Each structure stands twice: as C-alpha cells, then as structure tokens.
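Hydrogens, waters and symmetry mates play no part in the numbers below; they use all other heavy atoms, side chains included. Predicted model, so just to flag it, every value in this text is computed and none were measured.
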Amino acid sequence: AAEWHQACRKFASHLPIVKRCGGGFSASILLYNMFVITVVSHIAQLCEPPEEICKFVEDNFPKIFSTPWKFCPSIIL
C-alpha cells in the first residue's frame, strides 16, 4: 500500500501542472493521459489498485478541467 500512497502524492503534484498549461478540454485530456495518469498506471499494471485509490483518482480528475462539475465523467475518458 505504501507504493500507492507515494504514487498518489506524485499524481496530485502533477495535476496543477496540467491546469496551468491552460489548454482547452482536448489538450487537457492529452496532457492528463501523458503526464498524470501514467504516475499511477505503471503500478496498476502490476497490482490492482485499492478502491480508495480509484476514488482518489476519480475525485481529482475534474480539478484539471475548466468545465462544469461532472461535465464529462472520468469513466468516459
């Protein structure tokens, strides 16, 4: 579980970077997929993430987009 908590801290530190880039919705998704989700996805290839980690990632997803809340649920992307 320690590897997940460390990855989540790094994940959270990458979110403001995407937000500051100021790109539109499509650019934000691209940057998110390149620089943010990869932080936790490499661990997820080796072991299934706990439910609390999935919730953490999903809850932080809307923070990088300048759209109404739940405009595009993370499950779609």
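Two residues are said to be in side-chain contact when any heavy atoms from C-beta on lie closer than 4.5 Å; I43 and P49 fail this criterion. In this structure the side chain of L31 never reaches within 4.5 angstrom of the side chain of V36, judged on heavy atoms.
Across every non-hydrogen atom of V18 and S28, the tightest pair is CG1-O, 3.8 Å. Across every non-hydrogen atom of T38 and N33, the tightest pair is CG2-O, 3.4 Å. Taking every heavy atom of both residues into account, C8 and I53 meet most closely at SG-CD1, 3.6 Å.
Taking CG from L15 and NZ from K19, the interatomic distance works out to 10.5 Å, rounded to the nearest 0.5 Å. Between H14 atom NE2 and R9 atom CZ the span is 13.5 Å, to the nearest 0.5 Å. Y32 OH to C21 SG: the interatomic distance, rounded to the nearest 0.5 Å, is 15.0 Å. Interatomic distance, W4 CH2 to F56 CZ, rounded to the nearest 0.5 Å: 11.5 Å.
By the criterion of side-chain heavy atoms lying less than 4.5 angstrom apart, applied directly or through intervening Ile, Leu, Val, Met, Phe, Trp or Tyr residues, I37 is not grouped with L46; the two fall into different hydrophobic clusters. I17 and V39 fall into different hydrophobic clusters, where Ile, Leu, Val, Met, Phe, Trp and Tyr residues are linked whenever their side-chain heavy atoms come under 4.5 Å apart, directly or through other members.
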- Kindly determine whether K10 and H5 satisfy side chain to side chain contact (heavy atoms under 4.5 Å, CB included), including the steps that lead there. CA-CA 9 Å; K10 189 173 180 183; H5 295 293; over 6 Å; no
